[in-house]
**Student:** 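Okay, here's the structure, questions in a sec.
The basis for the numbers below is simple: all heavy atoms, side chains too, and nothing from hydrogens, waters or symmetry mates. When a ligand or atom number is given, it counts from 1 through the structure's own listing order.
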Amino acid sequence: MNDYFEEEEFESQINKDTIWRIGKLGLRHWPMMGGFLLFISLVSVVEAFHTYLNKQMIDLGIIAGDMAALKHYALIYLATWPVFVILVMGFILCAGWLGHRVQYDLRQSMFDHLQELPLSYYDKTPTGWLMSRATSDVTRVGDLVSWGFLDMTWTVTSVSASLFFMFLINWKMTLIVIAIIPLLYLVAVNFKKYILIEYRMVRKVNSKITGAFSENISGVRVVKSLRREERNINEFQNLTNEMYSASFKAAWLSALFLPAVQLVSASAIAIIVWYSGVQYEGGMMTIGSIHAFVSYITFMLWPVQQLAAVYASMQQAIASGERIFSLLDTEVDIVDAPDAIDPGTIRGDIVFDHVTFSYVEENAVLTNFNLTIPQGETVALVGPTGAGKSTIVNLLCRFYEPTGGAIRFNGRDYRSMTQASIQSRVGMVLQTPHLFSGTAMENLKYGRLSATDEEVIAAAKMAGADGFIRKLEKGYQTEVGEGGVLLSTGQKQLISLARAIMVNPDLFIMDEATSAVDTLTESLIQKGMDVLMKGRTSFIIAHRLSTIKNADRILVIEDGGISEMGSHAELIKQRGHYYNLYTRQFREQAARV
Ligand SMILES: Nc1ncnc2c1ncn2[C@@H]1O[C@H](COP(=O)(O)OP(=O)(O)OP(=O)(O)O)[C@@H](O)[C@H]1O
Ligand SMILES: [Mg+2]
């Protein structure tokens, strides 16, 4: 997990490609973007014009004592106000719309992509990491496209509009102002660097805190059972302390920043006022012009003061953008070949032909694994934990593909078929059955939304799940909780069995949970399995050997290979691993009884 959170440290410098990609997210909605640009430019022009109007009112109205002129300018002022208000509303609406739309687009494409990504991606990626991509990162990028972009354009348009009117009033003074501006930016930019370093620190600790939170919540049972509370509290306290001191430093620097910038800008204004005085003496400047100049300068300094904040959030947003794009760019490594077909059924013999497979390179779980299963056979896999049983069925379902060799259905390499054609015809009960939050009924319908309630109940009856579901508080309409936490593992398996019956699969796979279920549930599961196994090729991974006594063939898997193979009776006769496993379990059971 740490690797993922450390990643925050390598903050992106402003990366042009990423900016361009983020920009394109906005440009996709170019009519809105165009409207937004138009509104904001007009707002800047009207704003600068109002300052100019003030100057005219002072000089030509008040000082000249011309009431008619004053009235004239006041009317213009009044007339342009509504326009100004409408323009401001317009750009805020456009910016807001753009920001939300970009967030919407990003979330949608991330979700779509996540559905496509292979299981191997999820092996490597912590859930918390994905969650923050979909939440805070998306928000930041959306904000950059709306408010960040707004700040930047506003700076450019209002500075240009101000300069235009300043030139109109007095070009010499304007040149002096232009000379002072770079000095201000220099001070601001240097300060900004230190502030950014602190903020980066704050963010780094912040993501560690989020990570600690999410791990502790999702692992709360383990935390409690291993009595880790106190240690975790201490670790967490260290993190929050770190966060506190980093935030405090950042706050200090931010507090110093404004006075520093204001010191420079006050000096700038002082110079301008002094020089204006000189020019006024010579009749080159009027009172109104001096007022206007001071206003324009204050106006232009605002973006400079904002610079550090804008720059920081822009950098964050770009880092967020990079992480989002890295997710979106992750290649889907199990893709259907362009000429992949849907054979209509995957009935027929199944062959593992010299299959080699590793989850991580150079760590082969299966090497040259060979196995042929005739149509309709029930194969049971037994063996020690970590031997590779789940891996074999993962490959069979094409959640992963062999790194060497091939798997063939009815003589055809399964890579020449579409994934959907395989996965839709496999009924599966996983080692850790997963239910979704929602009712029992919704979970049962998950694989076939079109099923009627009657069909669902019939399947539940066949699976032996009907009895316990009816005893739940609201029967089939009972909420099962996120991940089905409100049900026991055995109950979840019964629901999974019913779900598998509903899809009427060609191939049935059961990866039995190790956790012991009571004997009643066990016999219910057994009955459900018998229904599913009848006439179908079935793979049963069993930990309770009693469930597989009737399998056509039992394979003992050890270290990714088959060490024994045969029917129950044959294997017992061989007196090998299976015999040992069986007698041991038998003795344990007898002892328990
Ligand atoms: N997603 C994964 N990423 C990396 N390695 C994995 C992954 N899943 C399993 N492995 C490794 O592959 C080997 C085989 O695991 P597998 O899950 O197939 O065992 P198993 O026989 O099903 O064990 P169990 O009886 O405990 O379910 C183990 O060494 C395991 O550590
Ligand atoms: Mg397993």
**Student:** OH of Tyr104: more than 12 outside heavy atoms within 6.0 angstrom?
**Tutor:**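 Open.
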**Student:** Ring-plane angle category for Phe436 and His434, please: parallel below 30°, perpendicular beyond 60°, tilted otherwise.
**Tutor:**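 Aromatic pair Phe436/His434 classed perpendicular.
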**Student:** Need the ligand 1 atom indices (1-based, order shown) with element for anything under 4.0 Å from a heavy-atom of Thr391.
**Tutor:**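 Atoms satisfying the 4.0 Å criterion: 14 (C), 15 (O), 16 (P), 18 (O).
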**Student:** Compute the centroid of each ring, for Phe539 and then for Phe508, and state whether the two points are separated by less than 6.0 Å.
**Tutor:**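 Aromatic pair excluded; centres sit 6.0 Å or further apart.
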**Student:** For the Mg ion (ligand 2), state how many protein N, O or S atoms fall inside a distance shorter than 2.8 Å.
**Tutor:**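 The number of such protein atoms is 2.
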**Student:** Contact between Val365 and ligand 1, counting heavy atoms under 4.0 Å?
**Tutor:**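 True for this residue.
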**Student:** Would you say the ring centroid of Phe236 lies under 6.0 angstrom from that of Phe213?
**Tutor:**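 Ring centroids of Phe236 and Phe213 are less than 6.0 Å from each other.
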**Student:** Regarding atom 1 (N) of ligand 1: of the candidates Ile541, Ile557, Asp559, Asp123, which has the closest heavy atom?
**Tutor:**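 Checking each option, the heavy atom nearest atom 1 (N) of ligand 1 is found in Asp123.
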**Student:** Tell me, please, whether Tyr476 has Arg470 positioned over its six-membered ring: NZ or CZ under 6.0 Å from the ring centre and within 45 degrees of its axis?
**Tutor:**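 Arg470 over Tyr476 ring: no.
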**Student:** Might you confirm whether atom CD of Glu361 has over 12 heavy atoms from other residues, nucleotides or ligands at distances under 6.0 Å?
**Tutor:**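 Counting other residues, nucleotides and ligands, CD of Glu361 stays at 12 neighbours or fewer.
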**Student:** Any chance the side chains of Glu558 and Ser563 put a donor and an acceptor closer than 3.5 Å?
**Tutor:**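 Side chains of Glu558 and Ser563: pair found under 3.5 Å.
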**Student:** Would you find a donor on one side and an acceptor on the other, under 3.5 Å apart, between the side chain of Arg227 and the backbone of Val223?
**Tutor:**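 Judged by distance alone, no pair lies under 3.5 Å.
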**Student:** Which atoms of ligand 1 are found less than 4.0 Å from any heavy atom of His543?
**Tutor:**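 Close to His543: 25 (O).
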**Student:** N/O to N/O below 3.5 Å, does that happen between Gly383 and ligand 1?
**Tutor:**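 Not met; the criterion fails.
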